[in-house]
Trainee: 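Starting off with a structure, shown below.
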Amino acid sequence: MSDTSFTPRVFSGIQPSGGLTLGNYLGAIKRFVDMQNAGDFETVYCMVDLHAITVWQDPAALRHNTRELAAGFIASGISPDKSILINQSQVPEHAQLAWIFNCVARMGWMQRMTQFKDKAGKNTQNVSLGLFGYPALMAADILIYHATHVPVGDDQKQHLELTRDIAIKFNHDFGVDFFPVIEPVIEGAATRVMSLRDGSKKMSKSDPSDASRINMTDDADTIAKKIRKAKTDPDALPSEAKGLEERPEARNLVNIYAALADISVDQVLADHGGAQFGSFKPALAELAVDKLSPISKEMSRLMADQAEIDRILAQGAQQARALTAPILKKTYEIVGMVGA
Ligand code: AQP
């Protein structure tokens, strides 16, 4: 941290670019709930719809996915009374600060971002400018709250390093100590939940194969079927974590079990070491259904009253702007904008 006077504040977001996956839940939302309930931080959680449109989104689907994501946050335990819950485009200071950061970040920094390279593939000339600038908007999302801690999955580590670089360069260029140098919070057994079909690929909501992921809206039979069909190897589970090193699919299922049960990988292997997948998969399916079914039922209940979701998001935007408007004003003053 550059300055110990910043209020301990958590910010994190998820794109409404599809339905929520088990990866989003274990890598992000479940930890958001823990940080909210620990009471050590102010917590701000966000549906990042401006990030979602860096690739094409059908407008009706985007509206549906944004509300469903809000329902997913609340059903998982994010309380609008304890956390500020917002939709990014309803708090315009995110995009306004992002423009300033577009002028602070360097082309070379952005060109090194592996997520851009992965998402653009061979098509770099034909993707949106927004996809290239995505990490500067992410830095703005975080720093417009002077957030100090950012819980994310492992795939976001490089973007958080860029957020630190932007804060350091801004502070240095203008001779201020205005933006905090954030702490990434990447912890737990499920910082990188992998595809059920390919242990080398991240579980992702935009993977064309639905069998590759567990969606938070999947029913019990679908969850059990996807776990039963998950790719594995023919060996029994080892009794120590070292035995999982060369077995990405087995490691993934064990990590998922540990994260869902809130126990260590060592504990899972102490209980299930020596078991074949024929018996471990049903145990995992039972645990997953047990943990996820109440959330998906609550999501359906909340989605039946969309006006209430919209009310919560409007209230969140109002609370958020009380924090973001003064930080944007001060940023404009520092940069030299008349009228700030
Ligand atoms: N597989 C995962 N394991 C652990 N954490 C994950 N996260 C995403 N997938 C996994 C974490 O969820 C948060 C929100 O991610 P996001 O939706 O903003 O973007 P993403 O990382 O690009 O997620 P997806 O599912 O892969 O979305 P698409 O397919 O649209 O690109 C982040 O904290 C992320 O680390």
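Indexing begins at 1, ligand by ligand and atom by atom, following the structure's order.
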Trainee: Provide the number and element of each atom of ligand 1 under 4.0 Å from a heavy atom of S206.
Mentor: 28 (P), 29 (O), 30 (O), 31 (O)

Trainee: Relative to ligand 1, is A190 under 4.0 angstrom through side chain, backbone, both or neither, heavy atoms considered?
Mentor: backbone

Trainee: So which bit of T191 gets within less than 4.0 Å of ligand 1, heavy atoms only: side chain, backbone, both or neither?
Mentor: backbone

Trainee: Using the ring-ring contact (aromatic ring centres under 6.0 Å, His included) criterion, which residues pair with F101? Sequence neighbours excluded.
Mentor: F179

Trainee: Where's the contact between S17 and ligand 1, heavy-atom distance under 4.0 Å: side chain, backbone, both or neither?
Mentor: side chain

Trainee: Taking ILVMFWY side chains as joined if any heavy atoms are under 4.5 angstrom apart, and letting links pass through other members, which residues group with L50?
Mentor: L137

Trainee: Would you kindly specify which portion of S204 sits under 4.0 Å from ligand 1, judged on non-hydrogen atoms: side chain, backbone, both or neither?
Mentor: both

Trainee: So does R67 pair up with D310, basic N to acidic O under 4.0 Å?
Mentor: yes

Trainee: Should K119 be listed as contacting ligand 1, given a heavy-atom distance under 4.0 Å as the test?
Mentor: yes

Trainee: Any Lys/Arg nitrogen of R164 or E161 sitting under 4.0 Å from an Asp/Glu carboxylate oxygen of the other?
Mentor: no

Trainee: Could you list which atoms of ligand 1 come closer than 4.0 Å to a heavy atom of G153?
Mentor: 5 (N), 33 (O), 34 (C), 35 (O)

Trainee: Are any of the N/O atoms in K202 less than 3.5 Å from those in ligand 1?
Mentor: yes

Trainee: Nearest to atom 8 (C) of ligand 1, what protein heavy atom do you find, and at what distance?
Mentor: N24 ND2, 3.1 Å

Trainee: Would you mind running through ligand 1 and noting each atom that sits below 4.0 Å from a heavy atom of M203?
Mentor: 1 (N), 2 (C), 9 (N)

Trainee: In ligand 1, which numbered atoms sit nearer than 4.0 Å to a non-hydrogen atom of G13?
Mentor: 14 (C)

Trainee: Go through ligand 1 atom by atom and flag the ones less than 4.0 Å from a non-hydrogen atom of R192.
Mentor: 3 (N), 4 (C)

Trainee: Would V48 count as being in polar contact with ligand 1, using the rule that some N or O on each side must be under 3.5 angstrom apart?
Mentor: no

Trainee: What atoms in ligand 1 come closer than 4.0 Å to a heavy atom of G27?
Mentor: 4 (C), 5 (N)

Trainee: Check this for me: does any side-chain nitrogen of one of D207 and K201 sit under 4.0 Å from a carboxylate oxygen of the other?
Mentor: yes

Trainee: Using a strict cut-off of less than 4.0 Å between a Lys/Arg side-chain nitrogen and an Asp/Glu carboxylate oxygen, indicate whether D218 and K226 qualify as a salt bridge.
Mentor: yes

